[in-house]
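Step one of this worksheet: look at the structure below.
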Amino acid sequence: MVIDMRLSKYFIPTLKEVTADVQMPSHKLMLRSGMVRQLAAGVFSWLPMGHTVLKKVMNVLREEIDRIGGQEFLLPALNPIDIWEETNRVEAMGEVMFHIKNRDGLILAPTHEEVITFHARQHVRSYRDMPMIWYQIQTKFRNEPRPKSGVLRGRQFIMKDAYSLDSTWEGLDESYQKHYEAYTRIFDRCGIKFFVVGASSGAMGGKQSQEFMVESDAGEDLCAISDSGYAANIEVATSNIPPVGRIAEELEIEEFATPNAKSIDDLVEQFNIPEERCAKSVVYMVEDAPILVLMRGNDELNENKLESILGTNVFRPATSEELIQFTGADGGSIGPVNLKTKVRVIADNLLKDANGLVSGANKDGYHFKNIDFKRDVNIEEFYDLRTVIEGEPNPIDGEPIRIVKAIELGHIFKLGTRYSAAMGANFLDAEGKENPIIMGSYGIGVERVIACFVEQHFDEYGIKWNKELTPFHAHIVGLNTKKSEEVREACEKLYEGLKEVSLDSLYDDRDDSVGVKFNDADLLGVPVQIIVGSKNLANGLVELKYRETGEKEMVSLEEAIDKVKSYYLV
RNA sequence: CGGGGCGUGGCGCAGUCCGGUUAGCGCGUCUGGUUUGGGACCAGAAGGCCGGAGGUUCGAAUCCUCUCGCCCCGACCA
């Protein structure tokens with residue numbers, strides 16, 4: 001079946017302009033080149049050319065995941081809520097999960113660990129059945145509070161998701177490593193510059209995870225990286241800064257009035273207290289229980305770190321009423337000493353064993369000074385809770401950290417037994433003992449691959465596809481096709497000739513002015529343009545133009561086909 | 001969820017503050033003609049109950065109320 005790819009018939013609605021609120025270059029170009037159209041907030045249709053590129057990306061994904069032994073599935077987006085309740089993720093996903101309104105017990109799946117584990121439970125009985133890599137390329141549904149940046153964050157998007165099933169932890173390490181390498185090959189083939197960061201597992205749970213990131217101002221993730229090679233998502237990034245420590249003076253703890261101090265900055269300003277000697281209190285409610293978190297000075301609490309310490313993402317800042325109920329004071333005057341009720345207190349590592357600290361007195365308008373964490377409070381739990389700041393030394397070699405914005409393109413997780421244990425997906429090991437399957441989960445946002453590629457490969461005229469992702473191998477630009485039969489014939493010859501050697505070409509046979517055709521060709525960004533005009537044709541020549549470099553050369557029709565062919569062989 | 005902005009022929013916009021002929025402009029579309037190596041030109045034409053509902057008024061794209069949609073910023077720091 002051969003599709004007619006004459007532009008006069010093929011649906012590529014290019015646009016000269018897009019509405020003013022489209023900001024990202026890739027978003028603008030994908031709209032202008034007729035690849036996508038928006039249907040609703042966070043919901044996009046893929047038009048024929050965009051869909052062709054999508055298929056090219058999927059091709060690369062399939063080849064590389066097949067190469068590491070993946071077996072392709074197609075799992076349903078519609079899921080029974082039961083399996084999600086088994087893993088307690090209905091609550092963990094919260095508002096993000098779409099629930100079907102007129103059919104109880106069905107949801108739209110935001111990811112597929114549960115379904116995979118369900119089938120593994122059905123059929124995986126023995127350690128001999130593993131290792132296994134199961135994957136699919138399929139649509140996910142996530143009720144994002146705020147979709148943005150075109151196709152980058154949608155409520156419906158296509159994901160390549162893979163899952164590994166292993167009987168040993170070493171096996172998981174191998175499966176994980178295979179995916180790491182496959183992902184590297186995938187993004188290399190797609191011509192995307194990326195970096196890998198250590199990441200948080202978030203609602204996925206699990207042991208270890210890494211993200212494949214693309215640096216971009218439109219990114220929604222912050223990463224701490226250093227030129228020497230440290231790279232971590234800010235959600236888990238750490239830095240090597242010294243703890244607050246102890247000062248020599250051993251002064252008695254003392255209450256003092258701070259009627260106008262609502263924040264650490266106020267304390268620092270009004271009482272001349274060094275910022276690092278302030279212990280900031282933040283109170284969260286975990287279910288119905290309060291937890292007081294102490295941070296150094298104005299350090300920012302990292303909620304992701306808190307989440308992994310608490311083992312749940314179901315927590316929220318306490319309300320004013322709750323603060324008063326549990327601590328005795330409203331925000332601004334809360335501290336670890338003299339709490340009204342028994343409250344779990346955890347503190348950042350930097351505050352461990354520190355003294356000479358100032359913190360709220362749990363009495364509105366009062367603080368304590370000279371608090372000694374060894375003497376005056378009994379905090380047993382110290383954790384790394386802070387968010388790192390640009391310029392701090394990285395924990396590996398001390399090089400300063402840079403904070404960059406990045407788009408998350410892929411994410412690989414060592415899930416461990418979190419899902420298999422919860423759902424009872426067990427196997428018998430060589431000793432005949434029953435164990436939960438050891439799992440990994442690996443995802444790539446397919447549309448994001450395209451958006452990121454375009455973001456990295458465009459100029460003022462349009463997109464510049466690479467050999468791997470280009471929707472067509474050649475773009476035949478027929479000039480004045482209406483008037484010149486010679487041009488039409490030459491174009492047809494090229495079109496057919498390329499088809500014979502299995503190269504797809506887009507043939508612009510429209511009755512439009514040359515300017516329109518040249519501009520559309522540059523906008524669509526096919527790597528090789530074959531420009532056929534009557535003047536050159538009189539000498540038996542056509543012009544080849546390479547989109548990447550702008551380089552041009554005059555060749556015969558036969559040479560043109562050979563040149564295109566060899567261009568893609570390299 | 002909080003705050004801000006926008007919704008007017010297919011697309012991109014003006015008009016709205018300060019209500020008043022027939023609602024404009026550019027692009028696109030259709031017809032005819034002239035052009036043709038970088039988004040051509042001339043002539044003519046089609047196409048809009050101004051997001052929706054209600055209200056104020058002699059009269060509403062314009063004012064008021066409600067509602068739907070879309071975009072942007074924010075959503076621990078007590």
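Every value quoted in this text rests on a predicted model; they were computed, and no experiment measured them. Proteins get letters first, then strands, A, B, ... in listed order; numbering begins at 1 in each.
Legend: side chain to side chain donor-acceptor pair (under 3.5 Å) pairs involving residues 18-27 of chain A, not counting sequence neighbours, sorted by first then second residue: Ser26(A)-Glu455(A). The side chain to side chain donor-acceptor pair (under 3.5 Å) pairs that include a residue from residues 37-51 of chain A number zero, where partners must be two or more places apart or lie in different chains. Pairs engaging residues 336-355 of chain A under the side chain to side chain donor-acceptor pair (under 3.5 Å) rule: Arg344(A)-Glu381(A) [sequence neighbours left out]. Each ring-ring contact (aromatic ring centres under 6.0 Å, His included) pair with one or both residues in residues 308-335 of chain A, not counting sequence neighbours, appears once here: Tyr284(A)-Phe315(A).
Rounding to whole angstrom units, NZ of residue Lys16(A) and C1' of rG38(B) are separated by 12 Å. Atom CG of Asp512(A) is separated from atom P of rC41(B) by 13 Å (rounded to the nearest Å). Between the NZ atom of Lys482(A) and the C1' atom of rG33(B) there is a distance of 12 Å, given to the nearest Å. Rounded to an integer number of Å, the gap from Asn143(A) CG to rC1(B) C1' is 13 Å. Atom OH in Tyr461(A) sits roughly 13 Å away from atom P in rG38(B) (whole-Å rounding). One interatomic measurement links the two molecules: CG of Asp511(A) to P of rU35(B), which rounds to 14 Å at whole-angstrom precision.
Straight-line distance between the C1' atoms of rC77(B) and rG15(B): roughly 47 Å, to the nearest whole Å. For the P atom pair drawn from rG54(B) and rC72(B), the interatomic distance equals 32 Å after rounding to whole Å. Taking atom C1' on both nucleotides, rG9(B) is separated from rG37(B) by 35 Å, rounded to a whole Å. As rounded to the nearest Å, rG33(B) and rA60(B) have C1' atoms that lie 44 Å from one another. Using P as the reference atom, rC11(B) and rU16(B) are 23 Å apart when rounded to the nearest Å.
As judged by a 4.0 angstrom heavy-atom cut-off over every strand, Lys545(A) is placed among the base-contacting residues. Residue Arg386(A) is classed as having no contact, given no heavy-atom separation below 4.0 Å to the nucleic acid.
In terms of modelled atom types and a separation under 3.5 Å, the side chain of Ser333(A) and the main chain of Gly365(A) share a donor-acceptor contact. Between the side chain of Arg32(A) and the backbone N or O of Val18(A), no donor-acceptor pair lies under 3.5 Å.
Looking at Glu17(A), its side chain has no donor and acceptor atom pair within 3.5 Å of the base of rG28(B).
A side-chain donor-acceptor contact under 3.5 Å links Ser8(A) and Asp509(A). Asp384(A) and Thr238(A) share no side-chain donor-acceptor pair at under 3.5 Å. Using a 3.5 Å distance cut-off with no hydrogens or angles, the side chains of Asn466(A) and Glu548(A) do not pair a donor with an acceptor.
rC50(B) is unpaired under the criterion used here, namely a Watson-Crick or G-U wobble arrangement in which both key atom distances are under 3.5 Å. When both distances must be under 3.5 Å, the Watson-Crick or G-U wobble mate of rG2(B) is rC73(B). In a base pair of the Watson-Crick type (N1 to N3 plus N6-O4 or O6-N4) or a G-U wobble (N1-O2 and O6-N3), with each distance short of 3.5 Å, rU34(B) is matched with rA40(B). When Watson-Crick and G-U wobble pairs are counted only if both distances are under 3.5 Å, rG9(B) pairs with no nucleotide at all. With a cut-off of 3.5 Å on both Watson-Crick or G-U wobble distances, the partner of rU62(B) is given as none.
Taking for each of Val18(A) and Met554(A) the nucleotide of RNA chain B with the nearest heavy atom, the 5'-most of the two is the partner of Val18(A).
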Would you mind building the protein contact string for nucleotides 68-78 of chain B? One character per nucleotide, 5' to 3', B for base within reach (heavy atoms under 4.0 Å), S for sugar-phosphate only, - for untouched. --SSSBB-BBB
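For the pair Lys305(A) and Tyr383(A), the cation-pi criterion (under 6.0 Å, within 45° of the ring axis) is not fulfilled.
Shown for residues 516-527 of chain A: residues whose heavy atoms fall under 4.0 angstrom of RNA chain B, namely Val516(A), Phe518(A), Asn519(A), Asp520(A), Asp522(A).
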